[in-house]
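As structure tokens, the structure follows; a few thoughts come after it.
Treat the numbers as computed from the prediction; the structure is a model and nothing was measured. Here is the naming used below: chain letters follow the sequence lines, and residue numbers restart at 1 for every chain.
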Number of protein chains: 2
Amino acid sequence: MAIKLFDSELRVMDVLWREGDTTAKRIAEDLKEQVGWSKTTTYTVIKKCLDKGAIERRDPNFVCRPLITREQAREFETTELINKLYDGAADQLVASILGRRNLSPEEIERLKRLVESLE
Amino acid sequence: MAIKLFDSELRVMDVLWREGDTTAKRIAEDLKEQVGWSKTTTYTVIKKCLDKGAIERRDPNFVCRPLITREQAREFETTELINKLYDGAADQLVASILGRRNLSPEEIERLKRLVESLE
DNA sequence: GCACCCATTCTATTGCAGTAGAATATAATG
DNA sequence: CATTATATTCTACTGCAATAGAATGGGTGC
């Protein structure tokens with residue numbers, strides 16, 4: 001399940017992740033609204049997603065269903081970043097973020113609890 | 001200090017981050033070795049870095065010095081990722097990594113201490 | 001001061017993501 | 001059915017990152 005999704009494809013996926021199974025028509029309407037895409041652009045990108053197995057099509061009505069979860073996409077992109085800039089060490093990325101001090105007190109609190117819950 | 005560095009540019013920067021100030025000639029040699037780049041490719045990319053202020057040139061000898069730190073580049077790219085896939089919430093990214101369970105016990109231990117040291 | 005070699009710049013090519021218009025198929029309507 | 005409108009596909013264009021060859025410049029030994 002390691003598929004690179006391009007930015008345009010992520011836009012389509014994002015609609016599906018937020019709204020669940022959705023007709024192509026509806027996706028096109030949403031993205032027209034959200035990012036001004038022509039509807040043919042949306043259909044083209046949907047096709048790319050289908051071709052690479054990121055979504056599947058159900059008929060009638062060209063209903064699109066995501067086959068990749070948001071978490072999978074996150075993991076893929078994050079791993080890519082870690083390899084590109086953090087020498088492949090995930091904890092370096094985490095350390096870097098924690099060291100930035102632009103986290104809110106609430107975020108810190110949540111993270112503390114999260115880390116403690118490990119193990 | 002918010003400059004987007006492309007992958008090719010990051011290769012040049014990486015040499016500078018690892019080795020410190022370095023002549024263009026030497027960078028070209030390194031990257032020829034490491035990634036098989038033609039030396040003109042390296043010079044072209046160095047020029048891009050110069051133009052966007054990521055490095056500066058000292059003469060004689062075309063010595064390149066990085067003006068952007070590795071940490072700045074990391075922060076930029078990481079923020080980009082967070083905005084693209086994590087709804088702009090840094091802690092979601094951290095949570096996602098922590099939840100992956102491909103961290104070693106040592107890493108977990110280090111992170112625990114790190115998080116606890118936050119205020 | 002000239003010829004040669006290497007350093008550097010200039011200019012061009014390529015590949016691909018992003019975008020959408022033209023063409024076609026399918027569904028709705030009278 | 002025939003006609004129109006809408007949904008869907010096909011094909012093409014564009015911009016730009018990546019890469020490098022050709023052209024130029026500058027130093028060095030003779």
Is the distance from OP1 or OP2 of [N] to the nearest side-chain N or O of [X] less than 4.0 Å?
X: A/Trp37; N: C/dT19; answer: yes
X: B/Thr41; N: D/dA20; answer: yes
X: B/Ser8; N: D/dA18; answer: yes
X: A/Tyr43; N: D/dT9; answer: no
X: B/Arg11; N: D/dT19; answer: no

Quiz item: Regarding A/Gln34 and A/Arg11, is there a side-chain donor-to-acceptor distance under 3.5 Å anywhere?
Solution: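 Checked: A/Gln34/A/Arg11 side chains show no N/O donor-acceptor pair below 3.5 Å.
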
What is the distance, to the nearest angstrom, from the [atom1] atom on [X] to the [atom2] atom on [N]?
X: A/Leu5; N: C/dG18; atom1: CG; atom2: C1'; answer: 15 Å
X: A/Ile46; N: C/dG18; atom1: CD1; atom2: C1'; answer: 15 Å
X: B/Lys47; N: D/dA20; atom1: NZ; atom2: C1'; answer: 16 Å
X: B/Lys39; N: D/dA18; atom1: NZ; atom2: P; answer: 22 Å
X: A/Phe6; N: D/dC16; atom1: CZ; atom2: P; answer: 18 Å
X: B/Lys52; N: D/dA17; atom1: NZ; atom2: P; answer: 7 Å
X: B/Lys32; N: C/dC6; atom1: NZ; atom2: C1'; answer: 13 Å
X: A/Asp51; N: C/dC16; atom1: CG; atom2: P; answer: 15 Å

Kindly point out which of [options] is positioned nearest to the side chain of [X]?
X: B/Thr44; options: D/dA18, D/dA20, D/dC10; result: D/dA20
X: B/Ser38; options: C/dC10, D/dC10, D/dA20; result: D/dA20
X: A/Arg57; options: D/dA17, C/dT19, D/dT9; result: D/dT9
X: B/Thr40; options: C/dA17, D/dA7, D/dA20; result: D/dA20
X: A/Asp7; options: C/dG18, C/dA20, D/dT8; result: C/dG18

Self-check item: Single hit among A/Lys47, A/Lys52, A/Lys4 for salt bridge (Lys or Arg N to Asp or Glu O under 4.0 Å) with A/Glu9
Solution: A/Lys52

Exercise. Assign each of A/Thr42 and B/Lys25 to its nearest nucleotide of DNA chain C by heavy atoms, then name whichever residue's nucleotide is nearer the 5' end.
Key: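 Comparing both residues, the 5'-ward one is B/Lys25.
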
Self-check item: A/Ile27-A/Phe6 co-clustered via ILVMFWY side chain contacts under 4.5 Å
Solution: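 No; A/Phe6 is not reachable from A/Ile27 via cluster members.
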
Practice problem: Please examine the side chains of A/Tyr43 and A/Trp37, heavy atoms only from C-beta on, and report whether any two atoms are closer than 4.5 Å. | Solution: no

Quiz item: Short question: side chain of A/Thr78, backbone of A/Arg74 - any donor-acceptor pair under 3.5 Å?
Solution: yes

